[in-house]
2 protein chains.
Amino acid sequence: MMQRPPTIKDLARALNISVSTVSRALRNATDINPETRQAVLKLAKEMEYEPNFIAQSLVKKQTHIIGVVVPSIDSNYFSEALSGMTDCAIEQNYHLMICQSNENEVLENKSIRKLLSCNIDGLLISVSLQTKSDNVIKEAQKKHVPVVMFDRIIPGADCTKVIVNEYEGALKAVEHLIKKGCKRIAHIGGPKDLSVSENRKKGYLDALAKHKIPVREELIAHCKSFEEDAIGAIRKVMNAKPRPDAIFFINDLSAITAIEYIRRKGLRIPEDIKIVGFNNDKVSNVVEPALTTVMQPGYEVGKLALGVLIDEIESKSTERQLFELRTTLVTRKSSR
Amino acid sequence: MMQRPPTIKDLARALNISVSTVSRALRNATDINPETRQAVLKLAKEMEYEPNFIAQSLVKKQTHIIGVVVPSIDSNYFSEALSGMTDCAIEQNYHLMICQSNENEVLENKSIRKLLSCNIDGLLISVSLQTKSDNVIKEAQKKHVPVVMFDRIIPGADCTKVIVNEYEGALKAVEHLIKKGCKRIAHIGGPKDLSVSENRKKGYLDALAKHKIPVREELIAHCKSFEEDAIGAIRKVMNAKPRPDAIFFINDLSAITAIEYIRRKGLRIPEDIKIVGFNNDKVSNVVEPALTTVMQPGYEVGKLALGVLIDEIESKSTERQLFELRTTLVTRKSSR
DNA sequence: CTGAAAGCGCTTACAG
DNA sequence: CTGAAAGCGCTTACAG
């Protein structure tokens with residue numbers, strides 16, 4: 001019994017040839033006798049030889065490891081993106097090292113530095129809410145590690161970016177309500193100063209403008225955080241006179257919170273008031289009424305971001321690109 | 001300007017000492033002159049020296065990389081576990097390589113083998129629904145890679161396991177309903193033959209037995225898949241005569257699906273019928289009525305599983321252990 | 001306390 | 001087509 005896994009040395013000895021020849025046979029080089037090659041491959045299989053990835057990395061100076069940093073793994077959207085990346089990685093023979101910043105810039109920087117010290121071939125990052133500076137990104141690039149930002153980007157950063165056009169998603173959602181005949185469309189937004197909140201609100205405002213519907217400030221309210229205190233914002237817009245005939249929400253959970261509030265007011269959804277969420281959470285199809293919502297292609301974002309990064313790694317291209325994926329409006333009963 | 005990152009060779013040359021001495025100074029060895037040590041450390045800082053992780057791995061024959069395989073990254077429960085592992089990993093100076101099997105045993109095996117060829121120091125796995133054999137686990141162990149299974153385990157496998165006592169969670173949930181005075185408690189189960197389904201159903205049955213409540217088959221129904229076709233199962237149990245006064249669901253989504261069905265029947269929750277879910281999805285606190293549910297400590301499972309694996313890696317212990325974490329019953333309006 | 005040497009497992013010019 | 005040699009960046013006995 002062999003205690004340790006076999007190496008090319010073991011193969012070479014067993015076949016009475018040199019390690020260089022074994023190495024060449026293994027990696028499909030052209031200048032190798034087909035018979036020698038077959039013999040090596042056969043023995044390699046028998047001995048269950050596996051190339052030592054670490055040793056290869058050291059000499060080739062590339063690890064095929066890609067570092068990924070997201071704000072939180074445990075979030076609907078990011079876990080979808082990670083899923084896309086992971087599937088793509090295994091296909092393309094890359095490996096992912098995933099870290100989360102927990103929305104903390106210090107931890108984010110620490111994670112990136114740790115990843116860099118692992119000699120990652122590339123970095124995929126979606127920045128924390130706190131992150132303003134792209135210094136660590138520059139650090140990576142100085143080490144010739146290509147960087148691709150996705151979803152939560154730093155607009156000024158000098159790297160390729162993959163984002164979702166949430167603005168257009170919001171615009172489509174609100175135009176859908178307008179086509180349904182709604183005239184007094186309210187908006188429950190997310191925390192101010194966040195690009196997601198701003199993009200979606202801008203879509204809302206532009207849809208109104210496009211259809212010459214005046215903006216009424218009393219129909220707009222913001223949640224301080226994403227999931228809590230939605231009820232305060234809902235109460236505010238529902239108290240407007242005349243009351244809204246539709247509400248476009250920053251996310252599905254706040255929309256679902258509103259369903260019961262609206263029911264208590266004696267109003268029917270969608271007859272008296274239509275509602276639209278954002279995200280297409282699984283539950284949006286389970287609640288009653290089923291929720292119309294804007295689906296973001298998280299899985300595709302992940303897949304594309306990784307694909308683009310691999311292209312940069314392999315072609316050593318330094319061209320910066322901006323990829324924008326589109327949302328899909330999923331219409332259900334809540335806006336029929 | 002230095003084109004490539006500095007190595008210990010560069011440090012040695014600059015200080016006119018040998019690489020062995022630099023190496024010792026860097027890693028805190030005892031047999032080193034404190035002054036030499038200071039000088040090396042100072043220069044290392046100035047030159048922004050970072051030890052080459054790959055080179056270290058090659059000589060030390062350990063990578064500090066842990067391979068993780070889950071059925072799907074993009075699932076509430078597993079993303080929580082991954083989150084716990086990730087936080088734990090960075091603290092303990094390990095790195096995670098995460099793969100997903102997409103519930104496919106072939107892909108699972110492929111992922112494990114890829115991870116092994118990366119010389120992972122340990123393997124953390126939650127197996128796919130298809131997986132029956134622990135062959136690949138044995139393969140890993142033959143290579144002296146410790147394995148810890150979590151959540152979805154192969155009962156017979158010879159390795160340390162970290163699981164959640166779902167049985168007890170279900171038992172507590174049903175006893176809670178019994179204490180509330182319910183006499184005709186129904187159960188909507190998950191796909192048959194799945195250990196999750198079986199464990200939770202057993203908790204239900206044992207709670208009834210413990211309180212001498214007879215089991216009525218017409219109050220038990222199974223969903224074929226987790227999220228779809230819940231409505232058929234709900235209809236079945238709601239048609240039992242006399243009708244149930246409580247339902248214990250396999251998960252929150254099926255419970256939420258039932259809310260509207262029950263409302264349409266003209267029944268009130270919780271007055272006429274109480275309901276309890278499983279998982280504590282975010283939405284369970286947003287729906288009306290807010291859902292009583294069983295919380296599984298996914299984050300803690302991840303943290304513990306990784307901690308235990310690291311212990312095995314570092315102490316080279318081969319003792320097999322079984323860790324069982326407990327659920328928490330979160331009582332809300334739907335069962336008051 | 002320090003240095004020279006060997007080695008981790010592989011790849012890749014270079015000579016033949 | 002094949003082999004000897006050098007090297008990737010580090011660690012670790014071994015001598016001194």
Side-chain angles (χ1 to χ4, degrees), chain A residues 2-41 43-44 47-65 93 116-121 143-144, chain B residues 2-41 43-44 47-65 93 116-121 143-144:
Chain A
M2 176 93 57
Q3 283 304 320
R4 48 172 186 68
T7 67
I8 51 169
K9 229 173 175 172
D10 298 315
L11 296 182
R13 193 163 4 190
L15 291 169
N16 222 346
I17 57 178
S18 75
V19 293
S20 352
T21 305
V22 174
S23 175
R24 269 187 301 256
L26 252 21
R27 58 214 67 283
N28 246 327
T30 51
D31 49 350
I32 178 92
N33 182 322
E35 284 173 19
T36 318
R37 184 148 182 277
Q38 285 314 315
V40 172
L41 257 31
L43 184 65
M47 298 179 69
E48 297 183 340
Y49 168 80
E50 294 273 359
N52 183 315
F53 162 81
I54 294 290
Q56 286 182 326
S57 297
L58 185 60
V59 6
K60 290 207 183 157
K61 294 188 172 302
Q62 46 169 306
T63 56
H64 270 221
I65 298 176
N93 207 20
L116 289 175
S117 84
C118 288
N119 300 2
I120 51 173
D121 283 355
K143 296 184 179 174
H144 307 287
Chain B
M2 176 93 58
Q3 283 303 320
R4 48 173 186 69
T7 69
I8 52 168
K9 227 172 174 175
D10 299 315
L11 295 182
R13 191 163 5 188
L15 292 168
N16 222 345
I17 57 179
S18 76
V19 293
S20 352
T21 305
V22 174
S23 176
R24 270 188 299 257
L26 251 22
R27 59 214 67 281
N28 247 329
T30 52
D31 50 348
I32 178 92
N33 182 321
E35 283 173 20
T36 319
R37 182 147 184 279
Q38 284 316 313
V40 171
L41 258 33
L43 185 66
M47 296 177 71
E48 295 183 342
Y49 168 80
E50 295 272 0
N52 183 316
F53 163 81
I54 294 291
Q56 287 181 326
S57 298
L58 184 60
V59 7
K60 290 206 185 159
K61 292 187 174 303
Q62 46 170 307
T63 56
H64 271 222
I65 298 175
N93 209 21
L116 289 175
S117 85
C118 287
N119 299 4
I120 51 173
D121 283 354
K143 296 186 178 173
H144 308 286

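Numbered from 1 within each chain, the chains take letters A, B, ... in sequence-line order. This one's a predicted model, so the numbers in the text were calculated from it and none came from an experiment.
When distances run from any side-chain atom of B:Val19 to the nucleotides C:dA13, D:dT11, C:dC10, the shortest one goes to D:dT11. Comparing D:dT2, D:dC8, D:dC10 by their nearest atom to the side chain of A:Ile32 picks out D:dT2. Each of C:dC10, D:dC10, D:dC8 was ranked by its minimum atom distance to the side chain of A:Arg27; first place goes to C:dC10. Taking every side-chain heavy atom of B:Pro34 into account, C:dC1 is the closest of C:dG3, C:dG9, C:dC1. Each of D:dC8, D:dT11, D:dA4 was ranked by its minimum atom distance to the side chain of B:Ser23; first place goes to D:dT11. Of the candidates D:dG9, D:dC8, C:dT12, C:dT12 carries the atom nearest the A:Lys60 side chain, counting heavy atoms from C-beta on. In the set C:dT2, C:dT12, C:dG9, the nucleotide with an atom closest to the side chain of B:Lys61 is C:dG9. Here D:dT11 is the nucleotide among D:dT2, D:dT11, D:dC14 with the atom lying nearest to any side-chain atom of B:Gln56.
Backbone-only contact: A:Thr7 has heavy atoms under 4.0 Å from sugar-phosphate atoms and none from a base. Counting non-hydrogen atoms under 4.0 angstrom, B:Thr36 reaches the backbone sugars and phosphates but no base. Heavy atoms of A:Ile54 sit nowhere under 4.0 angstrom from any nucleic acid atom. Backbone-only contact: A:Tyr49 has heavy atoms under 4.0 Å from sugar-phosphate atoms and none from a base.
The NZ-P distance, from B:Lys9 to D:dT11, rounds to 14 Å in whole Å. In this structure, CD of B:Gln62 is placed 16 Å from P of D:dC10, rounded to the nearest angstrom. Atoms CG (B:Asn33) and C1' (C:dG3) sit 15 Å apart, rounded to a whole Å. Look at CZ on A:Arg13: it is 15 Å from P on D:dG3, rounded to the nearest Å. Put simply, CG on A:Asn119 is 19 Å from P on C:dC10, counting in whole angstrom units. Atom CG of A:Leu26 is separated from atom C1' of C:dT12 by 15 Å (rounded to the nearest Å).
With rounding to the nearest 0.5 Å, the separation of OG in B:Ser23 from CD in B:Gln56 is 8.5 Å. The CG atom of B:Leu58 sits 6.0 Å away from the CG atom of A:Asn52 when rounded to the nearest 0.5 Å.
A donor-acceptor pair is defined here as one N or O able to donate and one able to accept, closer than 3.5 Å; no such pair exists between the side chain of A:Thr63 and the backbone of A:Ser57. Between the side chain of B:Arg37 and the backbone N or O of B:Ala25 there is at least one donor-acceptor pair closer than 3.5 Å. With hydrogens and angles disregarded, no donor-acceptor distance shorter than 3.5 Å links the side chain of B:His64 to the backbone of B:Asp121.
A:Glu48 has its side chain out of reach of B:Lys143: every pair of non-hydrogen atoms, C-beta onward, lies at least 4.5 Å apart.
Nearest-nucleotide mapping onto DNA chain C: of A:Ile8 and B:Ser20, the residue sitting toward the 5' end is B:Ser20. Residue whose closest nucleotide on DNA chain C sits further toward the 5' end, between B:Ile17 and A:Phe53: B:Ile17. In terms of position on DNA chain D, the residue among B:Leu58 and A:Ser18 whose nearest nucleotide sits closer to the 5' end is A:Ser18.
Just one residue in the list B:Ile8, B:Leu26, B:Thr21 forms a side-chain contact (heavy atoms from CB on, under 4.5 Å) with B:Val40, and that residue is B:Leu26.
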* To do: Let me see the working for A:Leu15 and A:Leu43 under side chain to side chain contact (heavy atoms under 4.5 Å, CB included), right down to the final yes or no.
  => CA-CA 8 Å; A:Leu15 291 169; A:Leu43 184 65; 3.7 Å; yes
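Secondary-structure annotation of DNA chain C gives the stems C:1-3 with D:14-16, C:5-12 with D:5-12, C:14-16 with D:1-3, with a stem taken as at least 3 successive Watson-Crick or G-U pairs whose two distances both fall under 3.5 Å.
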